[in-house]
Number of protein chains: 2
Amino acid sequence: MELDQRKLQILRAIVDEYILSASPVGSKALSQSGMKWSSATIRNEMADLETLGYLAQPHTSAGRIPSEKAYRLYVDQMMQRAHLSDEESKLLYGYFREHVHGVDAVLRSTAKALSEITHYTAVVMMPDIGVNRLKHLQLIPLMPGKALAVVVTDAGVSQNTVIDVPEDIGPEELDRISKAITARFSDCRMSTVSSKLVRELGGELSARADFVESLLLTLCENQSSDRRMVELSGATNMLEYPEYSDVNKAKTFLATVEQKDSMYRMLKKASNMEFTVTIGSENEQEGFQDCSVVTASYRVNGTPVGSFGVIGPTRMDYARVLSILKNVQTNLGTVLQSFLKEE
Amino acid sequence: MELDQRKLQILRAIVDEYILSASPVGSKALSQSGMKWSSATIRNEMADLETLGYLAQPHTSAGRIPSEKAYRLYVDQMMQRAHLSDEESKLLYGYFREHVHGVDAVLRSTAKALSEITHYTAVVMMPDIGVNRLKHLQLIPLMPGKALAVVVTDAGVSQNTVIDVPEDIGPEELDRISKAITARFSDCRMSTVSSKLVRELGGELSARADFVESLLLTLCENQSSDRRMVELSGATNMLEYPEYSDVNKAKTFLATVEQKDSMYRMLKKASNMEFTVTIGSENEQEGFQDCSVVTASYRVNGTPVGSFGVIGPTRMDYARVLSILKNVQTNLGTVLQSFLKEE
DNA sequence: ATTAGCACTCGAAGAAACGGAGTGCTAAAA
DNA sequence: TTTTAGCACTCCGTTTCTTCGAGTGCTAAT
């Protein structure tokens, strides 16, 4: 069944109001604030909307609150994009002017910016290094038997790993091996480096084939485990909202959000999509049944390498959050691009 | 005025009990649980202890709770060192067996271990790189005009910084400069590297004096700002305790603990001391007036380079926490030492 | 089709009543 | 002189009861 114009208008007003106030919306209040129908009419419409599943009543004599179905409709069709004030977008831009010490710092800054501006919780996943191209590998001697491997990709991401080295390889040889690998695999995707190697080894590296192979293996392994990092910011913002005035609710939320693995999985899944909005029980993540998650992906060199998002109560200000995410997405793209002017 | 034996015994019992239960301790309960005096006697002694400032009454007709003065006395003189069960110390040791990918990972693991075992909040400061000796500097070309500087010290700590490079310096020259600096300043304290340089420059680096100087300056700056890192773990553990069942209290605590700068300052100050116990209002840190902080320092090569600690309610289990810290201190020392077998 | 009017519902907030743990004091016992 | 039993009293936390009001559904008038 289709909703007529009036129902839509009323529903929107209710959602808007509830997002603001967090308390059930009554017919009287609505009719007084710029609605052109009497409270009785609105009351009738509200009853209809309830039977249609868009509204719910906490108890008989309370106002109505939007259901998830209502939010879904709101997000898909009804909300009008908020646009950020100049002030806000300048503020946002400011976060990206500072901290240009590398990709990690930028993404950390992004998380902070998001959480501070939205007042919700922000998560940002570090770029998936596997899809990027190797630029440089450098092995730095630490002590006999140990070295530090530094990997740089075209996205500027670097990753340090302590690796074991046969004791008889000296600093000079480490340096030579670094150069050889860099030369050989420059511009290859990280994910293909190891398998490629096994086949085409030969040449100067063959004497150290075992070592090199285990080295690359370690790096790849590390990429998939250690890189599963998400930057979290503003988790405690949620304590501001009445939804979390109960300590136990708050605890559950905080515990969920601190499971970096889950957050990573969630963001990873969302990184193919330009934007996603997941409302309440649509969330697979246990513990987010009362939250909504809005994400956006970011790309480097045209390839989507990661995503970031905002987590808030289901009554979050979707329009505003989406505008902010869009803005951040653009800014982030620009900044990351600046790490690789060449190419 | 001195406290006689009986007063001490009663006070200890009260503190022990209150640490466990978090609710005011009454005379009757005490006399029944193994005290050899009647409730009336205990009641009299409690009244004395109150006038002496060791106990407080939330209201007439409630039991007594220990004052900060009481905790101080308890920590300084009365508590008996708990010793960890074999299970626990094995568990603790386990945290150090895993994650041996470098100092950062170890300290992150330390924070996690501390918070999980104590059920309080743990903070660990990253080692102060300035007091360590440079082992290796490597500049890795990122793109024309940018490079990544990787610094390795004798503690195995590495730090990555993106730096600007004059466009006319190619990869080969960067490599040469890296080697030259490494050769020249190997085994110098990081904090002395920059000043030393200005005077003794000359030689092969002189052609690039400007660049090298700004490079080292940047590194030092970065060391003092970016390195001010603390690893935080288990902040939400505090929500388990009745002291924080009020969301606002919780919020204040979480906000405080997330100010990494303050946490760093706190730990830095404590890093000269083997152990510290700071109770309630003894804390300078605003927001910790209802908490206690227990810290321990850790050393590398005999030099104290950092510290770590546990933050909990003032009624924390000091004995247990101190034992755990001591244990961790030992473990951490061993592990860090293993990063520098040589020397 | 819309709206005014009205009786009804039900939670939130406040008031009153209760129970009990704990105290301080006094007088007896050790 | 010190310890302890006994007792009246205090005050908090809890429960129960009341009140209040925002909001509803229904009906009848517009």
Side-chain angles (χ1 to χ4, degrees), chain A residues 1-11 13-15 17-18 20-67 70 242-243 245-247, chain B residues 1-11 13-15 17-18 20-67 70 242-243 245-247:
Chain A
M1 168 180 172
E2 267 302 299
L3 298 182
D4 61 29
Q5 208 51 36
R6 191 169 65 186
K7 282 196 174 56
L8 284 175
Q9 244 180 86
I10 291 175
L11 185 54
I14 293 174
V15 173
E17 175 59 26
Y18 187 70
L20 228 66
S21 71
S23 44
V25 183
S27 56
K28 203 165 204 173
L30 266 193
S31 83
Q32 276 164 1
S33 65
M35 289 267 106
K36 53 194 173 209
W37 304 284
S38 77
S39 71
T41 311
I42 294 179
R43 213 152 41 235
N44 286 332
E45 295 289 42
M46 281 165 103
D48 286 359
L49 284 168
E50 182 167 358
T51 59
L52 290 171
Y54 292 99
L55 293 179
Q57 240 177 337
H59 55 264
T60 329
S61 74
R64 303 302 211 294
I65 64 176
S67 68
E243 281 88 341
S245 59
D246 175 31
V247 182
Chain B
M1 167 178 171
E2 267 303 298
L3 298 181
D4 61 29
Q5 208 51 37
R6 191 168 68 184
K7 282 193 173 59
L8 284 176
Q9 241 180 90
I10 291 176
L11 185 54
I14 293 175
V15 173
E17 175 59 26
Y18 187 70
L20 228 68
S21 71
S23 43
V25 183
S27 55
K28 202 164 201 171
L30 267 194
S31 84
Q32 275 163 2
S33 65
M35 288 270 107
K36 53 193 169 205
W37 304 283
S38 77
S39 71
T41 311
I42 294 178
R43 211 148 47 230
N44 288 331
E45 295 288 44
M46 282 166 104
D48 286 358
L49 284 169
E50 181 168 359
T51 60
L52 291 171
Y54 291 100
L55 292 178
Q57 236 177 341
H59 54 267
T60 356
S61 96
R64 304 300 211 293
I65 64 176
S67 68
E243 281 88 342
S245 59
D246 174 31
V247 181

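These numbers come from a predicted model, not from an experiment. Sequence lines set the chain letters: A, B, ... in the order given, protein chains first and strands last, and positions in each chain run from 1.
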What heavy-atom pair brings [X] and [Y] nearest, and what distance separates the two atoms?
X	Y	answer
Ser27(B)	Arg43(B)	OG-NH1, 3.4 Å
Leu3(B)	Lys7(B)	CD2-CD, 3.9 Å
Tyr18(A)	Pro24(A)	CE1-N, 4.0 Å
Gln9(B)	Met35(B)	O-CE, 4.3 Å

Measure from the side-chain heavy atoms of Thr60(A) and tell me the nearest of dC11(D), dC10(C), dA4(C). dC10(C)

If you only use heavy atoms from C-beta on, which nucleotide in dT3(D), dT3(C), dC11(D) is closest to the side chain of Thr41(B)? dT3(D)

Taking atom types as they are modelled, is there a donor-acceptor pair under 3.5 Å from the base of [N] to the side chain of [X]?
X	N	value
Ser61(A)	dT9(C)	yes
Arg64(B)	dG24(C)	no
Arg43(B)	dG24(C)	yes

Within the structure, does a side-chain N or O atom of Ser27(B) lie under 4.0 Å from either OP1 or OP2 of dT23(C)? yes

Rounded to whole angstroms, how far apart are [atom1] on [X] and [atom2] on [N]?
X	N	atom1	atom2	value
Gln32(A)	dT3(C)	CD	P	14 Å
Asn44(B)	dT1(D)	CG	C1'	13 Å
Lys28(B)	dT4(D)	NZ	P	15 Å
Gln57(B)	dT10(D)	CD	C1'	11 Å
Trp37(B)	dA5(D)	CH2	P	15 Å
Leu30(A)	dG23(D)	CG	C1'	12 Å
Leu55(A)	dG23(D)	CG	C1'	14 Å
Glu45(B)	dT2(D)	CD	C1'	11 Å

Within-4.5 Å side-chain heavy-atom neighbours: Ile65(A) and Ile14(A): no

For Met46(B) and Pro58(A), find the nucleotide of DNA chain C closest to each by heavy atoms; which residue's nucleotide sits nearer the 5' end? Pro58(A)

His59(B) or Lys36(B): which one's nearest nucleotide on DNA chain D is closer to the 5' end? Lys36(B)

5' priority, DNA chain D, between Ile42(B) and Val25(A) [closest heavy atom]: Ile42(B)

Scan Ala62(B) against the nucleic acid and name what it touches under 4.0 Å (heavy atoms): base, sugar-phosphate only, or nothing. sugar-phosphate

